[in-house]
Enquirer: 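Right, I'll just put the structure down here and ask away after.
Just so we're clear, the structure is a prediction, and the values are computed from it rather than from any experiment. The basis for the numbers below is simple: all heavy atoms, side chains too, and nothing from hydrogens, waters or symmetry mates. Numbering of ligands and ligand atoms starts at 1, following listing order.
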Amino acid sequence: MDLRGFDKFTLVDYPGKIGCIVFTGGCNLRCPFCHNPCLVFDPASQPKVTEKEFFGFLERRKGLLEGVVISGGEPMLQPDLVPFVERIRKSGFLAKVDSNGTFPDRVKTLLHTAGADSMGIDYKAPRAKYAELTGLDEPDLGERVAETIRLALEAGVELDIRTTVHKALLSEDDLAAMRDELSAIGVSRWTLQQFNPVEVIDDDLPQAETYSDRELVAAARRLGSDVRVRGLHGHIIL
Ligand code: SF4
């Protein structure tokens, strides 16, 4: 596993659990709002965490931490993700795997082998705008993400479906279209995430006007009772 970052304690990345989070290097997408550009463009610039270090840490945290979040980058790019997740779960920890959802076949393999206790899957745009908002010109991207979500629902995995929202990228009409698309797949609970104005791939975005927390909460209320809002620091504010 190409592990390129490690937070030893998190209360927000695995909802409801005390966890840690590891970040994998590399990603197939180029989302303009991505706040991990180093992991996407140049993972080797980030300090490498060896599996020996990581599992040594977990051994010492038995009974203290409940879960491990594997995030990125895009974890599905890692050829040895399955044995890595298997080892985490066999060590007595819950495993949450985050993904951009564009590799349904790999997600299927993971769910049918190592399994996962929870998945965080991004739903980044209405189907028709998926390529535009993720920087990868492949027309079936949105359909692949929808398929990944269907597979996770079928497997009964606890799901965190989330969307980072910036006014310059997603209008309220876009959000309404996404609500309809998610409902059609069978997703009720959906989380809108506040844009984080740090170093991102599109460096015009932090300066551009975006939704305030109040506007995002109002938009979420209009979208339905199962829509939540995650504020800047990862805490649920609706
Ligand atoms: S936000 Fe987009 S580009 Fe960044 S890691 Fe996630 S999927 Fe990749």
Side-chain angles (χ1 to χ4, degrees), residues 1-7 10 12-14 21-49 69-79 81 84 96-107 110 116 118-127 129-149 151-152 159-170 174-175 178 182 190-206 208 210 230-234:
M1 289 287 285
D2 187 24
L3 304 177
R4 294 287 171 175
F6 180 25
D7 285 343
T10 174
V12 295
D13 295 288
Y14 196 145
I21 178 166
V22 279
F23 300 92
T24 60
C27 187
N28 58 321
L29 301 186
R30 298 290 182 266
C31 310
F33 49 82
C34 177
H35 56 84
N36 279 329
C38 295
L39 273 179
V40 172
F41 292 112
D42 189 13
S45 69
Q46 304 302 300
K48 185 164 175 68
V49 181
V69 181
I70 302 130
S71 190
E74 172 50 43
M76 293 301 149
L77 291 177
Q78 301 294 316
L81 180 68
F84 185 70
K96 173 173 181 270
V97 184
D98 288 349
S99 174
N100 63 34
T102 59
F103 296 104
D105 291 350
R106 296 180 200 187
V107 169
L110 173 74
S118 177
M119 285 196 74
I121 303 176
D122 302 335
Y123 197 69
K124 293 175 184 290
R127 213 71 64 87
K129 289 179 75 174
Y130 229 92
E132 180 192 336
L133 265 61
T134 58
L136 184 67
D137 193 13
E138 292 182 5
D140 65 341
L141 273 183
E143 181 45 47
R144 277 154 51 193
V145 178
E147 178 60 12
T148 294
I149 294 172
L151 289 165
L159 267 184
D160 178 19
I161 306 294
R162 65 276 177 95
T163 301
T164 298
V165 184
H166 190 295
K167 201 179 259 186
L169 302 175
L170 291 172
D174 290 328
L175 294 173
M178 294 167 76
L182 285 170
W190 177 32
T191 304
L192 306 181
Q193 303 186 141
Q194 188 56 280
F195 169 75
N196 189 2
V198 291
E199 184 192 3
V200 292
I201 286 183
D202 178 347
D203 50 20
D204 289 335
L205 278 184
T210 189
R230 193 170 281 142
L232 251 194
H233 301 294

Enquirer: In terms of side-chain heavy atoms, does Thr163 have a donor or acceptor partner in Gln193 at a distance below 3.5 Å?
Expert: no
Enquirer: Assess, by modelled atom type and distance only, whether the side chains of Asn28 and Glu74 contain a donor and an acceptor separated by less than 3.5 Å.
Expert: no
Enquirer: For Leu29, state whether at least one heavy atom is located under 4.0 Å from any atom of ligand 1.
Expert: yes
Enquirer: Check each atom of ligand 1 against the heavy atoms of Asn100 and keep those under 4.0 Å away; list them by number with element.
Expert: 7 (S)
Enquirer: Would Leu133 and Lys124 count as a side-chain contact (heavy atoms from CB on, under 4.5 Å) if you check the C-alpha gap in whole Å, the side-chain angles of each, and the deciding distance to 0.1 Å?
Expert: CA-CA 7 Å; Leu133 265 61; Lys124 293 175 184 290; 5.6 Å; no
Enquirer: Using a heavy-atom cut-off of under 4.0 Å, does the side chain or the backbone of Glu74 touch ligand 1, or both, or neither?
Expert: neither
Enquirer: Do the side-chain N and O atoms of Asp13 and Ser71 include a donor-acceptor pair separated by under 3.5 angstrom?
Expert: no
Enquirer: Which is it for Ser118 and Asp160 under the side-chain contact (heavy atoms from CB on, under 4.5 Å) test, yes or no, and what are the steps along the way?
Expert: CA-CA 8 Å; Ser118 177; Asp160 178 19; 5.6 Å; no
Enquirer: Does any N, O or S atom in Cys27 come within less than 2.8 Å of atom 8 (Fe) of ligand 1?
Expert: yes
Enquirer: Do any of the N, O or S atoms of Cys31 sit under 2.8 Å from atom 2 (Fe) of ligand 1?
Expert: yes
Enquirer: Hey, is atom 4 (Fe) of ligand 1 within less than 2.8 Å of some N/O/S atom on Cys34?
Expert: yes
Enquirer: Do any heavy atoms of Lys124 fall under 4.0 Å from ligand 1?
Expert: yes
Enquirer: Going through the distances and angles, do Val145 and Tyr130 end up as a side-chain contact (heavy atoms from CB on, under 4.5 Å)?
Expert: CA-CA 10 Å; Val145 178; Tyr130 229 92; 3.6 Å; yes
